[in-house]
Amino acid sequence: MPGGWVAGNVRAGFFGNRLFMSVRVRFAPSPTGYLHIGGARTALFNWLYARHTGGTFVLRVEDTDDARNTREAVDVILDGLRWLGLDWDEGPVSGDAMQESKGDRGPYFQSQRGEIYQRRIQELLDKDLAYEHEGAVKFRMTREPVTIPDVVAGDVVRKLTDREEADPDFVIVRSDGKPVFHLVNVVDDIEMDITHVIRGEDHLSNTSKHVELFKAFGAALPKFAHIPLILNNDGSKMSKRDSGASMAAYTEGGYLPSAVVNYLSLLGWSPKDNTEMMPTAELIERFDRPGVQRANARVDMPTLDWLNFEHIRALSPDDFKSQALGQLQAAGLDTTGRDADYTAAVLALCTDKIKNLNDVAGYIGFFFRDEVVLDAESAAQALTPENKPHLATLREAYAGLATFDADSLMEALKATAAAREVKNKVLVMPARVACTGSKVGPSLYHLMEVLGQAEVLKRFDAALARM
RNA sequence: GACCCCUUCGUCUAGUGGUUAGGACACUGGCCUUUCACGCCGGCGACACGGGUUCGAGUCCCGUAGGGGUCGCCA
């Protein structure tokens, strides 16, 4: 039996011919115009759990606040989930609420579920569990402490706060007729047969309201799993503006989706055996409730950077190639005119060296430019008048080379340095800067081999001309 | 103000009464490399505090402090 959250699922009992009802989890974001990293992590945990158990992952859009809910805002969320690779089994196919969704428990936009809510509200009114008050509808909330069974936090006994003590009942329908979050959330979870509610701990306290609502509808409780929150690196709460709060920081930060998924999975969950780097398939295999943490976690970009490096180097040659080529094209560099061997040789030089996709163009861009773009500091240091005669001699030595491979290039450089009675370094740096424009880059001899004799001499000449 | 959750190196964490408290990232010393990295070998570095319980507590209990969350006709 996989999955610690499955055991003891009471809902299964309602379906006589089935021992267990399969897991149904959902991610229910409100379209605000951006995807918060905490929301992405909640989606990930739900998705991992669904995939781990062979269950169903539902995406439901909580767009009851039509003032700020737009198609574009929904698309931001859908795009973010798609980028991460979190596919949903039921839910919207686009940000358009009018378009037909996939799945048979729809609609999956709350803005389209008005009739369902009406029916449920009437049910509560009829049972006298709710009543009208100043145009709104309020729910008769219990005055007693409510026990919230949570598979992560244990049984949480939630007492009323002093304010709630004064007026325990809460609004479920506003005076403008719109049902509120607590109501629609519970109704949808019932209607969509959600078995496990996995969400951020910011919802824990309010779950007492939900528990009472489930009871009022005579529905069995889903398993609640409140997962810890993600905070800023300094421990303060994360808001929109904080760096790393938005998914955009990751999609545009040169990260591989699998690295971000891996990183997010480790924020609030642990495989318990010190494994850090895990492909998504392994995450699905291993993700389970017992590893879920109870304490909040903080974002830490260096760890993500390291995981990103590990995921990049784990890429197959073909996958690395398509990623690298994509980066070069995004940087405006034309790689289509080059022959395949040249490109392959270039990419071979940076395998295991690229830590961030955004570094690709800077690292090997010079292979695809006709004019070397000089880094000012590197040029000032290496392309000096004193180095000019050295580089000129090296140029002649290279011009006379019959075989232009890394070994020959190294030997020739050493011989030239010896003849001129200078250290190899004195020739290495000017040569490197002449060829690449920068002090750092791939192995000098190998890079020159790939560039080819004619191109190297051309670049030497260009450098010599400005020394 | 009330209520709820949390507390092991800087960060993510392992740890379920007896451990020299382990790992990863970060930082740092060295080796390798005539660039930058990688890699390898070291180092630094934690049980928030105070009481209990126990032969024995990071592990159990209580309190304090700190952090986070919630208490809305937002979600």
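Numbers restart at 1 for each chain; the letters A, B, ... are given by sequence-line order, proteins then strands.
Contacts of A:S270 with the nucleic acid, taken as non-hydrogen atoms under 4.0 Å apart, involve only primed sugar atoms and P, OP1 or OP2. Residue contacts for A:E165: at a heavy-atom cut-off of 4.0 Å it reaches no nucleic acid atom on any strand shown. Note on A:E276: a base of the nucleic acid sits closer than 4.0 angstrom, heavy atoms only. Contacts of A:V156 with the nucleic acid, taken as non-hydrogen atoms under 4.0 Å apart, involve only primed sugar atoms and P, OP1 or OP2. Nucleic acid contact for A:H182: base, since at least one base atom lies under 4.0 Å from a heavy atom of the residue. Counting non-hydrogen atoms under 4.0 angstrom, A:T275 reaches nothing in the nucleic acid. Within 4.0 Å (heavy atoms only), A:G135 reaches no atom of the nucleic acid at all. Residue A:A153 is classed as having no contact, given no heavy-atom separation below 4.0 Å to the nucleic acid. Among the protein residues, A:V157 comes within range of the sugar-phosphate backbone only, with heavy atoms under 4.0 Å from sugar or phosphate atoms but none that close to a base.
At the phosphate of B:A75, neither OP1 nor OP2 sits under 4.0 Å from any side-chain N or O atom of A:Q110. For B:U13, the OP1/OP2 oxygens have no side-chain nitrogen or oxygen of A:N274 closer than 4.0 Å. Taking 4.0 angstrom as the limit, A:T64 places a side-chain polar atom (N or O) nearer than this to OP1 or OP2 of B:A75. A sub-4.0 Å separation between OP1 or OP2 of B:G15 and a side-chain N or O of A:K272 is present.
In terms of the side-chain contact (heavy atoms from CB on, under 4.5 Å) criterion, residue partners of A:E212 (sequence neighbours excluded) are, by chain and number, A:F139, A:M141, A:T142, A:V146, A:K215. For A:N296, the side-chain contact (heavy atoms from CB on, under 4.5 Å) test picks out A:E201, A:P228, A:L229, A:L231, with sequence neighbours left out. Residues that satisfy the salt bridge (charged side-chain N to carboxylate O under 4.0 Å, His left out) test with A:D188, not counting sequence neighbours, are A:R60, A:R113.
Note: A:H36 and A:Y34 have perpendicular aromatic rings, judged against thresholds of 30 and 60 degrees for the angle between ring planes.
Of all nucleotides listed (B:A75, B:U11, B:A24), B:U11 comes nearest to the side chain of A:N233. The side chain of A:V171 sits closest to B:C73 out of B:U11, B:A26, B:C73. Comparing atom distances between the A:D162 side chain and each of B:A37, B:U70, B:A2 picks out B:A2 as nearest. Distance from the side chain of A:K159 is smallest to B:C3 among B:C3, B:C36, B:C71.
Between the CG atom of A:N185 and the C1' atom of B:C74 there is a distance of 13 Å, rounded to whole Å. Put simply, CE on A:M141 is 17 Å from P on B:U70, counting in whole angstrom units. Here B:C5 presents its C1' atom at 14 Å from CD1 of A:I227, a figure rounded to the nearest Å. Across the protein-nucleic acid pair, A:F109 atom CZ and B:A75 atom P stand 17 Å apart, rounded to whole Å. Whole-Å rounding puts the A:F170 CZ to B:C73 P distance at 11 Å. Rounded to whole Å, the distance from CE on A:M278 to P on B:U13 is 12 Å. The separation between A:I148 atom CD1 and B:C4 atom P is 10 Å, rounded to whole Å. Rounding to whole angstrom units, CZ of residue A:F181 and C1' of B:U70 are separated by 12 Å.
For the 3.5 Å distance criterion, the side chains of A:D405 and A:T403 fail to qualify, holding no donor opposite an acceptor. Side-chain contact of A:N308 with A:R313: a donor-acceptor pair under 3.5 Å is absent, judged by distance alone.
Taking the O4'-C1'-N9-C4 or O4'-C1'-N1-C2 dihedral as appropriate, B:C62 has a value more than 90° from 0 and is therefore anti.
Base pairing annotation: B:A46 forms no Watson-Crick or G-U wobble pair, as no partner gives both donor-acceptor distances under 3.5 Å. For B:A2, the paired base is B:U70 (Watson-Crick or G-U wobble, both distances below 3.5 Å). Using Watson-Crick or G-U wobble geometry with both donor-acceptor distances under 3.5 Å, B:G10 finds its partner in B:C25. Across all strands shown, B:U53 has no partner, as no Watson-Crick or G-U wobble contact with both distances under 3.5 Å is found.
Residues A:D305 and A:K355 are not paired through a salt bridge, judged by the lack of any N-O separation under 4.0 Å between the basic side chain and the carboxylate. We find that A:D167 and A:R163 are not joined by a salt bridge, their nearest charged nitrogen and carboxylate oxygen being 4.0 Å or further apart.
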Quiz item: Which letters describe nucleotides 38-43 of chain B, given B = protein heavy atom under 4.0 Å from base, S = only from sugar-phosphate, - = neither?
Solution: SS----

Quiz item: Using a cut-off of 4.0 Å between protein heavy atoms and nucleotide atoms, how would you tag nucleotides 59-69 of chain B 5' to 3' with B, S and -?
Solution: --------SSB

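Between A:F45 and A:W269, the gap from one ring centroid to the other reaches at least 6.0 Å. Aromatic ring centres of A:H210 and A:H182: separated by under 6.0 Å.
Of the C1' atoms belonging to B:U19 and B:G15, the separation is 9 Å, rounded to the nearest Å. Distance check on atom P: B:U33 versus B:C12 gives 38 Å, rounded to whole Å. The gap from the P atom of B:U53 to that of B:G10 amounts to 32 Å, rounded to the nearest Å. Using C1' as the reference atom, B:U7 and B:A46 are 12 Å apart when rounded to the nearest Å.
The salt bridge (Lys or Arg N to Asp or Glu O under 4.0 Å) contacts involving residues 432-451 of chain A comprise A:E377-A:K439, where partners must be two or more places apart or lie in separate chains.
Nearest-nucleotide positions on RNA chain B for A:P228 and A:T303 put A:P228 closer to the 5' end. Of the residues near RNA chain B, A:L444 and A:L160, the one whose nearest nucleotide (by heavy atom distance) lies more toward the 5' end is A:L160.
Applying the side chain to side chain donor-acceptor pair (under 3.5 Å) test between A:N185 and each of A:H203, A:R199, A:Q110, A:K209 identifies A:R199 as the sole match.
Using a 4.5 Å heavy-atom threshold, the side chains of A:Y398 and A:L457 count as touching.
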